[in-house]
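Here's the structure, in structure tokens; my notes come after.
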Amino acid sequence: MSTPRETPASTPGTPDSPPPKSHFIRDIIVQDVQSNKNGGRVQTRFPPEPNGYLHFGHSKAIHLSFGLAQEFGGKCNLRFDDTNPCKEETEYVAAIIEDLRWLGADWADRLFYASDYFDQLHAWAVQLIEAGKAYVCDLTAEQVREYRGTFSQPGRESPFRGRSVEENLALFARMRAGDFPDGSRTLRAKIDMASPNLNLRDPIMYRILHAEHHRTGNKWCIYPTYDYAHGQCDSLEGVTHSICTLEFEDHRPLYDWFLEQLGIHHPQQIEFDRLNLTYTILSKRKLLQLVRDGHVRGWDDPRMPTICGARRRGYTPEAFGNFCSRIGVSKTTGVVELPLLEHYVREDLNRRVNRVMAVLRPLRVVIENYPDDLVEELDAVNNPEDVNAGTRKVPFSRVLYIEREDFREDPPKKFYRLSPGREVRLRYAYLVTCRDVIKDASGDIVELRCTYDPETRGGNTPDGRKVKSTIHWVSAAHSLEAEARLYDTLFAKEDPNEVGEGEDFTANLNPNSLEVVERCRIEPGLRSAPVGALYQFERLGYFCVDPDSTPEKLVFNRTATLRDTWAKIERKQKGAAS
RNA sequence: UGGGGCGUCGACUAGUGGUAAGUCACAUGCCUUUGGAGCAUGGCACCCAGGUUCGAAUCCUGGCGCCCCAGCCA
């Protein structure tokens, strides 16, 4: 048995992980440390909004911000960006923390919330009003949009832009006191309505929202916008390198403006390209839609590209860490192929996970010349990649199950497995030869009659003869029943967002993303396998015990398949035939 | 359309004036008591055009292409 370790491997420095890879952000930090900028201090932060679950894209940001801090002896804060009470919930806070821990992120006691700074943010807003740099605007949302102008046309100044400091102060105080309804007024920064950067056309700093906040309750009815809050929150925390994704690049001048007006510590924002993965959607909004509309069973559905989904599927933090190290960091907009992530999952699982025999679609086999009442305990290697993993005993008896796919009555070319008259090895057991095929009334194969060679115990051939194939098996009387959930990509298209007229991304959902296989048979040794335990089912793939398991029946998620050379050959044969 | 970014094998990423490298994927072979894993080998990659230079992916000029921005979301 083996369970996912909870070691921090999504951050560099663990024994097996590759040395930190150079990239442009790391280069900047190296330079800053060398030039003693910020006193040589490195402080980053990871600022999720608690309005959804962490997904694969976040793992890249987490790996970066936490990893860089660790590498340079600095700190990385966790700060929830909770400036919008309408969309945020404590459920998400707890889930995000759990996922972060699992990934190995370490923020020690530095768990913060943007809402921790609401008082300071408000005081700074007052300060900006007093300096004539902010004003209360009575325009409606629609009017604000009209006044903003377009890409090619400059905006127009709000008619309320010229209000006196006193009037602004009084109005802002009344906004805060709850004198006005939602949306009736805003506090705006007085910058430049003609700026080619739309973010600088008098952006909103505060909006009226009579909504209960998950942390501050009903203390406030005005809430700062992200654009107003973010830079100052970073500043308050002494962040030196504020790492974020590319779409915030043209917000940076705005953050800089607030910091300069206020004359406070100025973190350096550095933008990188967010993760894109083939066959995957990494948008919280769309992920939420999949959950709400029941396209998946929840945020932790093993098909979801969420961290909790991956955990349930059997992915490991180490796999994410190695993946993130390998994909690197840049500003080029790219799409990483899903098989690269899967490669790191397999690589990690291959070396840590014990092998076991399981039959997904059982075919009954009777060994005619094996004694009816005999049961042998045969030795099986737990993990050929790890000598310390030892061996286990597997019961063998007269009646067995093998994989239906491992028998062909009429074997095609290059099919080396069992067929009438052919001898194969039962892994760790004996060489057996198929003597007869039993069918039911409708012609379906229901049983194979085989004979075994007693000289080949353990699968050895004292006479040196070779067999083309070794197949897995399970003793019928001793094996346990289990359910297996086989997954394929959630979307059928490489780019799920590529849709036809009037369709949305759900049109690209893969109808075959989940296949439930009931009545599988597994080795008796798995009887008390705990939830989350990972195994390799020999020749089939990696599987993980699902929380839906009961004492009566284990449920397994297929984490990843093994390379299937025969399937490839068969595909080619079929392609050539048609 | 104004602004901000970005163009290197199929994918991701190195390279920072001097032999274009690595990983995945793909292909072929070896090995194998998992058709697993492993090992070995392989392939018209520098967006285009000029320029500077003995020498350019790298520097300059001009094109072309792609991404992001007109939420009181983040």
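Every chain is numbered from 1, with letters handed out A, B, ... down the list of sequences. Values reported hereafter were calculated over all heavy atoms of this structure, with side chains retained and with hydrogens, waters and symmetry mates removed.
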Starting the side chain at C-beta, find the nucleotide from [options] nearest to [X].
X: A:Arg207; options: B:U34, B:G71, B:C72; value: B:C72
X: A:Lys568; options: B:C68, B:C26, B:G71; value: B:C26
X: A:Asn350; options: B:G10, B:A37, B:G15; value: B:A37
X: A:Tyr344; options: B:U23, B:G36, B:C12; value: B:U23
X: A:Pro339; options: B:A74, B:A25, B:U13; value: B:A25
X: A:Asp250; options: B:C12, B:C69, B:A37; value: B:C69
X: A:Arg355; options: B:G35, B:G36, B:A70; value: B:G36
X: A:Arg145; options: B:C72, B:C12, B:G71; value: B:G71

May I ask you to verify whether the side chain of [X] and the base of [N] hold a donor-acceptor pair under 3.5 Å?
X: A:Arg326; N: B:U23; value: no
X: A:Glu271; N: B:G4; value: no
X: A:Asn197; N: B:G4; value: no
X: A:Gln153; N: B:U1; value: no

task: Using the P atom on both, measure B:A14 against B:C9 and round to a whole Å.
output: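 That atom pair is separated by 13 Å.
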- prompt: When rounded to the nearest Å, what value does the distance between P atoms of B:C12 and B:C47 take?
  reply: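 Each nucleotide's P atom is 13 Å from the other's.
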- request: Could you tell me whether A:His230 contacts a base, only the sugar-phosphate backbone, or nothing, with contacts defined as non-hydrogen atoms closer than 4.0 Å?
  value: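 A:His230: no heavy atom of the nucleic acid under 4.0 Å.
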- prompt: Ring-on-base stacking between A:Phe151 and B:C69, under 5.5 Å between centres and under 30° between planes: is it there?
  reply: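 A:Phe151 ring centre within cut-off of B:C69 base, planes near parallel; stacks.
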- prompt: What form does the base of B:G71 take, syn (within 90° of 0) or anti?
  reply: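 Here the answer is syn: the torsion falls within 90° of 0.
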Stems where RNA chain B pairs, listed by first number, each of three or more Watson-Crick or G-U pairs under 3.5 Å: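 Stems found: B:2-7 with B:64-69, B:10-13 with B:21-24, B:26-30 with B:38-42, B:47-51 with B:59-63.
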